[in-house]
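Reading through the structure tokens given below for one structure.
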Amino acid sequence: MSDSGTVRILGVAGSLRQGSFNRALLRLAQEMAPAGMTIESFDIAPIQPYNEDVRQQGFPKPVEDLRARIKAADGLLIVTPEYNYSIPGVLKNAIDWASRPPEQPFDGKPIGIMGASAGALGGARSQYHLRQCFIFLNGLVMNRPEVMIPAAQTKFDANGKISDQATLDFINAHLTALKAWVLRMR
Ligand SMILES: Cc1cc2nc3c(=O)[nH]c(=O)nc-3n(C[C@H](O)[C@H](O)[C@H](O)COP(=O)(O)O)c2cc1C
């Protein structure tokens, strides 16, 4: 937590594509962060596929950066689509890298999860698989309110903005609850 008492969240998107709805959702979350909370983002694109032989030589720079940023943050916000009913490989890969000893940075870290997907369940299955990973890593994932945006292609405009008020209300409620969750878990 910063000296000013601001809650500092690190946001990670589980999609690499430029026009990603989830990257747009993360940007929206940054804009909508409640007073007293900031959300910075970390781009996982430069993280290479996990290879234990490489790790034995030391963490690659992008992984070191991610681990340091997670450690320094008061909490995480993961914003991800669902791929084949599960976690996108690039996101799972980043989590796998960051989770390796020593001092894996997810331990005791408050975490919020939001997502948007093309399907009718808004990426629910991806979110539940993520939760399962964080059981092992002892990440403290907030249970609710959940944000799963279905039929994402109908919810975002060309600028990555959302006009549907009910969806905006869910996002707002999640961010407000995440701030309270971080303060509660201190
Ligand atoms: C490999 C792959 C698998 C996908 N599997 C699912 C799925 O299981 N459920 C779903 O709702 N959408 C699925 N989709 C569609 C994504 O939800 C859609 O492409 C979405 O826009 C991806 O998020 P993004 O816009 O942040 O990149 C899949 C897309 C890809 C590329």
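Keep in mind that the numbers below use all heavy atoms, side chains included, and drop hydrogens, waters and symmetry copies. Ligands are counted one by one from 1 in listed order, and the atoms in each one are counted from 1 as well.
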Task: Polar contact flag, side-chain donor to acceptor under 3.5 angstrom, E82-Y128 - done: no
Open item on the list: I need the atoms of ligand 1 closer than 4.0 Å to a non-hydrogen atom of Y85, numbered in the order shown.
Closed with: 7 (C), 8 (O)
TODO: Could you tell me which non-hydrogen atom of K109 sits nearest to which non-hydrogen atom of L76, and how far apart they are?
DONE: CG-CG, 4.1 Å
- [ ] Go through the side-chain N and O atoms of Q165 and D169 and say whether any donor and acceptor fall under 3.5 Å apart.
- [x] yes
Task: Contact bool for atom 27 (O) of ligand 1 (protein heavy atom, d < 4.0 Å) - done: yes
Task: Expected output: side-chain D74 to main-chain R8 donor-acceptor under 3.5 Å - done: yes
TODO: Would you tell me which option among G160, A118, G119 has the nearest heavy-atom contact to atom 15 (C) of ligand 1?
DONE: A118
Open item on the list: Looking only at distances, can you tell me whether any N or O atom of F21, backbone or side chain, sits closer than 3.5 Å to an N or O atom of ligand 1?
Closed with: yes
- [ ] Pick one of side chain, backbone, both or neither for how P81 approaches ligand 1, counting any non-hydrogen atom pair under 4.0 Å.
- [x] side chain
Task: Atoms in ligand 1 with a heavy atom of S20 nearer than 4.0 Å - done: 24 (P), 25 (O), 26 (O), 27 (O)
Task: Residue pair M114 / A29: nearest heavy atoms and the distance that separates them - done: CE-CB, 3.9 Å
TODO: Identify which of M148, R23, E82, Q18 has a heavy atom lying nearest to atom 13 (C) of ligand 1.
DONE: E82
Open item on the list: Using a 6.0 Å distance limit plus a 45 degree cone around the ring axis, check whether R125 lies over the aromatic ring of Y85.
Closed with: yes
Open item on the list: Let me confirm one number: the OG-CG distance from S99 to N138, rounded to the nearest 0.5 Å.
Closed with: 13.0 Å
TODO: For atom 5 (N) of ligand 1, grab the closest protein heavy atom and report residue, atom and distance to one decimal in Å.
DONE: N84 N, 2.7 Å
Open item on the list: Closer than 4.0 Å to some heavy atom of N22 - which atoms of ligand 1 meet that?
Closed with: 23 (O), 24 (P), 26 (O)
